[in-house]
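To start, the structure under review is shown below, and the notes come after it.
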Amino acid sequence: MAKDPVRVLVTGAAGQIGYALVPMIARGVMLGADQPVILHMLDIPPAAEALNGVKMELVDAAFPLLKGVVATTDAVEACTGVNIAVMVGGFPRKEGMERKDVMSKNVSIYKSQASALEKHAAANCKVLVVANPANTNALILKEFAPSIPEKNITCLTRLDHNRALGQISERLNVQVSDVKNVIIWGNHSSTQYPDVTHATVNTPAGEKPVRELVADDKWLNEEFIAVVQQRGAAIIKARKLSSALSAASSACDHIRDWVLGTPEGTWVSMGVYSDGSYNVPSGLIYSFPVTCKNGEWCIVQGENTSDRYHFSLVNEFYVMLTRLSYISRTLHR
Ligand code: NAX
């Protein structure tokens, strides 16, 4: 028997990532080749015509799994009945803008979208925040949608995770599908800490640690980390546009693993609500290694972490606490 369609919201759907993401969802990349979907696409009035153009192309592509499209500039209409919400729309940081200016714009955007989701989304709606600053926007959404369970609000660090897998695969000249269990700790930003301590490669002689195969700690501790941290900037330099197809693909990976589960023995990185694991203060949205089963993520426990990671953690706390204090002041104004 055919499955009931799942309603998937994409905000900022007329933008670059939205344009790459919606066909992937309509093709079953996010939820599986047997899962029909209804796409809800939200953008702002100046982008309404472009949004309608995206809808026209979705119709023209005749995706068999696509059972309907809602294209709107109304947040309530967009959020009504959605089971999954991918929050890509937001206010980007522009030249000359201070971080606090971007944050105050995003506080008002995420405030109205959070309350529309809280009131009108389906029960147990899963939320993925992509728009930057992703950890902070997820935190704002959580503050303004207190009835959405904390476990249902996440942010995207899977792109960083996939970038780390890609760099190891290039360096060792192995298939990326044979590399697993890297970790992205912290924020989706240049302060993240990509960690290969437990990463392995599947070889004809069995699973081998990445560190042993690379056999170059200097490269792993310096260049590898810098390349992953700065990859977004390198893409902008090359394309004159920020990452879009890799971001869209990683958003599909994030939701697919969350909903359908991670393969046995494999973890992925997700920005999730901290429960205090690894001494990360509860309440921060922080990237951890997680496994997923039955639609729930669970932080992988007990991985030893390096000194460099602890150093990065201190930086993260500083950044997040500054942001929390700013959000709290904005909220109470
Ligand atoms: P674009 O500027 O191409 O698209 C953004 C879209 O959002 C536009 O169509 C715009 O009209 C819309 N928008 C603005 N305000 C909105 C609102 N209030 N409600 C609904 N839609 C709204 O940016 P794009 O390249 O698609 O990037 C989108 C976001 O993803 C940015 O914030 C970007 O920084 C972030 N990224 C996050 C990544 C991650 O790994 N977490 C990586 C890729 C990307 O840089």
Side-chain angles (χ1 to χ4, degrees), residues 9-22 24 40-55 70-79 85-94 97 99 102-117 127-141 144 154-164 184 186-192 194 228-237 239-255 268-272 285-287:
L9 165 67
V10 176
T11 72
Q16 283 209 90
I17 296 176
Y19 188 70
L21 178 59
V22 291
M24 291 184 190
H40 288 223
M41 304 194 297
L42 176 70
D43 214 295
I44 48 176
E49 199 178 344
L51 186 67
N52 194 40
V54 178
K55 181 178 176 180
V70 177
T72 180
T73 58
D74 178 64
V76 170
E77 188 186 359
C79 292
V86 187
M87 315 301 283
V88 183
F91 199 91
R93 189 169 174 185
K94 295 188 176 155
M97 279 178 89
R99 192 172 283 275
V102 192
M103 275 170 49
S104 74
K105 297 255 185 218
N106 281 310
V107 166
S108 65
I109 292 172
Y110 276 78
K111 186 176 175 183
S112 64
Q113 293 179 0
S115 71
L117 276 176
V127 183
L128 165 62
V129 177
V130 175
N132 281 321
N135 299 57
T136 308
N137 286 339
L139 204 59
I140 297 169
L141 199 142
F144 287 109
T154 63
C155 81
L156 187 72
T157 55
R158 183 62 175 270
L159 175 56
D160 308 293
H161 181 101
N162 288 347
R163 284 169 172 166
I184 301 297
N187 265 356
H188 168 69
S189 76
S190 55
T191 62
Q192 66 175 269
V228 175
Q229 288 174 335
Q230 304 297 333
R231 187 68 164 182
I235 301 284
I236 293 175
K237 190 160 178 268
R239 245 171 53 85
K240 318 289 177 253
L241 286 169
S242 54
S243 329
L245 87 84
S246 53
S249 178
S250 302
C252 289
D253 289 345
H254 177 115
I255 297 286
V268 293
S269 303
M270 280 171 71
V272 298
I285 306 267
Y286 198 89
S287 181

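Start at 1 and go down the list; that is how both ligands and their atoms are numbered.
- Proximity of Ala131 to ligand 1, defined as any heavy-atom pair under 4.0 Å, is shared by backbone and side chain alike.
- Close approach to Ile109 involves these atoms of ligand 1, each under 4.0 Å from a residue heavy atom: 18 (N).
- Scanning Ile184, Leu156, Val130 for the heavy atom closest to atom 37 (C) of ligand 1 points to Val130.
- Evaluated by nearest non-hydrogen atom to atom 38 (C) of ligand 1, the leading choice among His188, His161, Arg231, Met87 is His188.
- Near Val88, meaning under 4.0 Å from any of its heavy atoms, are these atoms of ligand 1: 28 (C), 29 (C).
- In Gln113, the part holding a heavy atom less than 4.0 Å from any atom of ligand 1 is the side chain.
- The atoms of ligand 1 that sit less than 4.0 Å from any heavy atom of Ser242 are 25 (O).
- Near Ala247, meaning under 4.0 Å from any of its heavy atoms, are these atoms of ligand 1: 43 (C).
- The only member of Ser250, Ser243, Pro194 that meets side chain to side chain contact (heavy atoms under 4.5 Å, CB included) when paired with Arg163 is Ser243.
- Put simply, CZ on Arg231 and CG on Leu159 are 10.0 Å apart, with the number rounded to the nearest 0.5 Å.
- The residue from Thr157, Val129, Ile17, Thr11 that puts a heavy atom closest to atom 26 (O) of ligand 1 is Ile17.
- Between atom 45 (O) of ligand 1 and the options Ile44, Ile236, Asn132, Asp43, the minimum heavy-atom separation is to Asn132.
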Report task. May I have the step-by-step check of side chain to side chain contact (heavy atoms under 4.5 Å, CB included) for Val86 and His254, ending in yes or no? Result -> CA-CA 10 Å; Val86 187; His254 177 115; over 6 Å; no
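- Taking each heavy atom of Leu21 and Ala251 in turn, the nearest pair found is CD1-CB, 4.3 Å.
- Contacts of Leu159 with ligand 1, taken as heavy-atom pairs under 4.0 Å, involve the side chain alone.
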